[in-house]
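Take a look at the structure below.
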Amino acid sequence: MTSPTPRTATHLAATLLTATVALYIALVAFGNITDFGTNQQFVQHVLAMDTTFKDDDLMWRAVTGKGLQDAAYVVIIVWETVAALVLVYGTWLWVRRDDGRARRVSTYGLLMLMVLFGAGFIAVGGEWFAMWQSKDWNGLEAATRVFLLSGVVLVVVQLTGERSAT
């Protein structure tokens, strides 16, 4: 059995920041589950591209089928929920001072968020579905905020890695 690693400022930062992101995404997922209709409308409008400039060269991308829109929204909620659970587990591992596993698990959870908000909302929603054109249904600022927060926490988590002797 290995002895617990000493607490350092970086370890504390990784623990608290992972916990913060875990709490945030858990609340997001909880809100989407308990108030399904609010963000369901957001996803429907983004996918339908009904508040964009309606450029004929882009409108072929629109997804107007309610079933596909709802399926996309459910996938988002499931992804958020799994990411929250992974980050909660990562936080628990940090608290237990199991740094190697905590770093690995936290990295997975943070990358899940970066993929969802970076690839999903910024790239696919923002560019493919031209969300940036909408005054009413533009989530790029919020997506960028979560993407950057997750990236900063990921850097801090990686800083807890063992230093090799040179």
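Keep in mind that the numbers below use all heavy atoms, side chains included, and drop hydrogens, waters and symmetry copies. Model, not experiment: these values are computed from the prediction.
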How long is the span from the CH2 atom in Trp92 to the CZ atom in Arg101, to the nearest 0.5 Å?
-> 7.0 Å
Looking only at heavy atoms, the pair that brings Ala83 and Ile25 closest together is C-CG2, 4.4 Å
Worked check of side chain to side chain contact (heavy atoms under 4.5 Å, CB included) between Phe121 and Leu140 | CA-CA 7 Å; Phe121 294 131; Leu140 287 174; 5.9 Å; no
Straight-line distance of Leu154 CG to Leu159 CG, nearest 0.5 Å = 9.5 Å
Note: Ser134 and Thr51 closest approach over all heavy atoms is OG-OG1, 2.7 Å
Closest contact, heavy atoms only, Thr52 versus Ala130 | CG2-O, 3.4 Å
Would you call Gln133 and Asp55 a side-chain contact if the rule is heavy atoms closer than 4.5 Å?
-> no
Which atoms form the tightest heavy-atom contact between Phe129 and Ala62, and what is the distance?
-> CE2-CA, 4.4 Å
Check: Tyr73 side chain, Phe36 main-chain N or O, donor-acceptor pair, under 3.5 Å = yes
d(Leu16 CG, His11 NE2) to nearest 0.5 Å is 10.0 Å
Side-chain touch Asn39/Ile76, heavy atoms, less than 4.5 angstrom = no
Quick one: does Gln40's side chain get under 4.5 Å of Asp70's, heavy atoms only?
-> yes
Check: Gln69 side chain, Val63 main-chain N or O, donor-acceptor pair, under 3.5 Å = yes
What is the distance from atom CE of Met59 to atom CE of Met49, rounded to the nearest 0.5 Å?
-> 5.5 Å
Heavy-atom neighbours of Phe30 CZ exceed 12 at 6.0 Å | no
Is Val28 reachable from Ile33 through a run of hydrophobic residues whose side-chain heavy atoms are each under 4.5 Å from the next?
-> yes
Under the side chain to side chain contact (heavy atoms under 4.5 Å, CB included) criterion, do Val157 and Val153 qualify, and how do the steps go?
-> CA-CA 6 Å; Val157 163; Val153 176; 4.2 Å; yes
Check Gly90 against Ala102 and note the closest heavy-atom contact, atom names and distance.
-> O-CB, 3.9 Å
Separation between CZ of Arg103 and OG1 of Thr18, rounded to the nearest 0.5 Å | 11.0 Å
Dump the intermediate steps for side chain to side chain contact (heavy atoms under 4.5 Å, CB included) on Val21 and Leu113, then the final yes or no.
-> CA-CA 9 Å; Val21 177; Leu113 292 182; 3.4 Å; yes
Treating Ile, Leu, Val, Met, Phe, Trp and Tyr as nodes and any side-chain heavy-atom pair under 4.5 angstrom as an edge, say whether Val78 and Tyr108 lie in one connected cluster.
-> yes
Verdict with reasoning, Phe117 to Arg145, per side chain to side chain contact (heavy atoms under 4.5 Å, CB included) | CA-CA 9 Å; Phe117 286 90; Arg145 187 173 51 243; over 6 Å; no
Phe42 CZ: over 12 foreign heavy atoms closer than 6.0 Å = yes
Kindly work out whether a path of hydrophobic side-chain contacts (I/L/V/M/F/W/Y, heavy atoms less than 4.5 Å apart) joins Val82 to Leu23.
-> no
Using the ring of each side chain (for Trp, its six-membered ring), is Trp137 parallel, tilted or perpendicular to His45, with breaks at 30° and 60°?
-> parallel
Common cluster, Val88/Trp94, ILVMFWY with side-chain heavy-atom separation under 4.5 Å = no
What are the two closest heavy atoms between Ala72 and Leu47, and how far apart are they?
-> CB-CD1, 3.9 Å
Going from CG on Leu17 to OG1 on Thr91, what distance comes out if it is rounded to the nearest 0.5 angstrom?
-> 10.0 Å
Check whether any side-chain heavy atom of Glu127 sits under 4.5 Å from a side-chain heavy atom of Ile122, and report yes or no.
-> no
Report whether Trp128 and Met131 are members of the same hydrophobic cluster (ILVMFWY, side-chain heavy atoms less than 4.5 Å apart, transitive linking).
-> yes
Heavy-atom check, side chain of Val146 versus side chain of Tyr24, under 4.5 Å = yes
